[in-house]
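Written out below as structure tokens is the structure these notes cover.
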2 protein chains.
Amino acid sequence: MSNDPPGFELPLRLFLGFRTLIDALHAELARQGHPDVRPMHGFVMQAIGLNGTTAVELGRTLGVSKQAAGKTIETLERLGYVERARDPHDTRRKIVRLTPHGLDALARSARIFDDLRAEWAAKLGEERLRALEADLRTVTPQDVFRLDVPGWFG
Amino acid sequence: MSNDPPGFELPLRLFLGFRTLIDALHAELARQGHPDVRPMHGFVMQAIGLNGTTAVELGRTLGVSKQAAGKTIETLERLGYVERARDPHDTRRKIVRLTPHGLDALARSARIFDDLRAEWAAKLGEERLRALEADLRTVTPQDVFRLDVPGWFG
DNA sequence: CTAAATAGTGAACCTGGTTGTCTATCGTGT
DNA sequence: ACACGATAGACAACCAGGTTCACTATTTAG
């Protein structure tokens, strides 16, 4: 069909949709007391999770080297979102845990994402939004996590 | 509605959709003789366009400093995708133009994106895909270009 | 009990972003 | 005609985050 949209619009729109949501999230997070958290940090904190993790584990989860994971942890530690403590059962390991500040950021993010989804539902209708989500599930990997995000673009 | 999907799935799926397409594009581009072009380079070459541009102009288009644009141009030049020449009408300026190699990459990308869109259409149906594109147009900025892509994530 | 595997760290390097400074050139206003 | 402001490009220093290689300390397995 010659009246199909050009193929390059699809990735662009997907990316713009993603950016629109992430930018709105971080604008609101900044307003709610988290001005210096970057988009990447959200993914990393999500990957750290409520039980904590280690640099090696985090690297595996994110698909980057343990050294890169370590650097990101350092940054997050400097910003006060995570803290490290030696594992008493294995003194080689250092457990990385979210601080109350980090947990607060995560909880607020979840809330804001729900609000943003509601905004889209208001614009598109709940039915269309559900269809959009279902279609995206069809064409993307099942496993939502394991994003391999950092440094992927450049 | 308590049975709505959690809001965080939407950005994740949009990003995964984007990544799926871009990864497939670059796998295919690598197979077709462009193994070292990175996702970012595609956007930059698109922004350079058929008429060429300058570092300052490119920086404005991409939303980065002229120095950052200059560095990216250097990389692209080293890879053989662009070339620079002094502007005879204004000897301060250096015009950046796509080389035949760069034009080839751009043309192949357009073709591959069309093929990828056709794959999605086969999986979802042309109707649903059109609806998805239409809905994304509704919730994203009108202006497809001006992405501010580079370095935005970190 | 020794040897292999593992966790963390540090160094050197790459890309791509920033800001600040500097020179060369262009264009305008007196 | 010319001086001065604006512009284009380049260079330096720095930052974030990525890589690989090398090393120490500790744990685990044979």
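Within every chain, numbering begins at 1; the chains are lettered A, B, ... in the order of the sequence lines, protein sequences first and strands thereafter.
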Could you give the side-chain donor-acceptor pairs of residues 49-57 of chain A under 3.5 Å, partners two or more places apart or in another chain?
{"residue": "Thr53(A)", "atom": "OG1", "partner": "Glu57(A)", "partner atom": "OE1", "Å": "2.9"}
{"residue": "Thr54(A)", "atom": "OG1", "partner": "Glu57(A)", "partner atom": "N", "Å": "3.3"}

Under a 4.0 Å heavy-atom criterion, the protein footprint on nucleotides 18-29 of chain C, written with B, S and -, is BBB---BBS---

Please list, one pair per line, the donor and acceptor atoms closer than 3.5 Å that link side chains of residues 99-110 of chain A to other protein atoms, with sequence neighbours excluded.
{"residue": "Thr99(A)", "atom": "OG1", "partner": "Gly80(A)", "partner atom": "O", "Å": "2.7"}
{"residue": "Thr99(A)", "atom": "OG1", "partner": "Tyr81(A)", "partner atom": "O", "Å": "3.2"}
{"residue": "Thr99(A)", "atom": "OG1", "partner": "His101(A)", "partner atom": "N", "Å": "3.4"}
{"residue": "Thr99(A)", "atom": "OG1", "partner": "Gly102(A)", "partner atom": "N", "Å": "3.1"}
{"residue": "Asp104(A)", "atom": "OD1", "partner": "Arg108(A)", "partner atom": "NE", "Å": "3.2"}
{"residue": "Asp104(A)", "atom": "OD2", "partner": "His34(A)", "partner atom": "NE2", "Å": "2.7"}
{"residue": "Asp104(A)", "atom": "OD2", "partner": "Arg108(A)", "partner atom": "NE", "Å": "2.8"}
{"residue": "Arg108(A)", "atom": "NH1", "partner": "Gln32(A)", "partner atom": "OE1", "Å": "2.9"}
{"residue": "Ser109(A)", "atom": "OG", "partner": "Ala105(A)", "partner atom": "O", "Å": "2.8"}

Show every donor-acceptor pair shorter than 3.5 Å between a side-chain atom in residues 64-74 of chain B and any protein atom, with sequence neighbours excluded, or say none if there are none.
{"residue": "Ser65(B)", "atom": "OG", "partner": "Ala68(B)", "partner atom": "N", "Å": "3.2"}
{"residue": "Thr72(B)", "atom": "OG1", "partner": "Ala68(B)", "partner atom": "O", "Å": "3.2"}

Contact list for DNA chain D against residues 74-84 of chain A - heavy-atom distance below 4.0 Å:
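Those residues whose heavy atoms fall under 4.0 Å from DNA chain D, taken from residues 74-84 of chain A in numerical order, are Thr75(A), Arg78(A).
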
Which residues pass the side chain to side chain contact (heavy atoms under 4.5 Å, CB included) test with Arg111(A), sequence neighbours left out?
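Applying side chain to side chain contact (heavy atoms under 4.5 Å, CB included) to Arg111(A) gives Asp115(A).
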
By side chain to side chain contact (heavy atoms under 4.5 Å, CB included), which residues pair with Ala131(B), not counting sequence neighbours?
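So Ala131(B) forms a side chain to side chain contact (heavy atoms under 4.5 Å, CB included) with Arg128(A).
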
How long is the line joining [atom1] of [X] and [atom2] of [N], in whole Å?
| X | N | atom1 | atom2 | result |
| --- | --- | --- | --- | --- |
| Arg86(A) | dA25(D) | CZ | P | 12 Å |
| Lys94(B) | dT7(D) | NZ | C1' | 16 Å |
| Met40(B) | dG16(C) | CE | C1' | 7 Å |
| Arg38(A) | dG17(D) | CZ | P | 9 Å |
| Phe43(A) | dG18(D) | CZ | C1' | 18 Å |
| Arg93(A) | dG8(C) | CZ | C1' | 12 Å |
| Ile73(A) | dG18(D) | CD1 | P | 11 Å |

Who are the side chain to side chain donor-acceptor pair (under 3.5 Å) partners of Arg86(B), not counting sequence neighbours?
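Once residues adjacent in sequence are excluded, Arg86(B) has no partner under the side chain to side chain donor-acceptor pair (under 3.5 Å) criterion.
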
For Arg31(A), side chain to side chain donor-acceptor pair (under 3.5 Å) partners two or more places apart:
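Applying side chain to side chain donor-acceptor pair (under 3.5 Å) to Arg31(A) gives Glu28(A).
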
Looking at dG8(C), I'd like to know if its phosphate oxygens (OP1 or OP2) sit under 4.0 Å from a side-chain N or O belonging to Thr54(A).
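Indeed, a polar side-chain atom of Thr54(A) lies that close.
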
Do the side chains of Arg130(B) and Glu126(B) get close enough for a salt bridge, i.e. N-O under 4.0 angstrom?
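Result for this pair is yes, salt bridge flagged.
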
Is there a donor-acceptor pair closer than 3.5 Å between any side-chain N or O of Asp114(B) and the backbone N or O of Gly7(A)?
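A pair under 3.5 Å: yes.
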
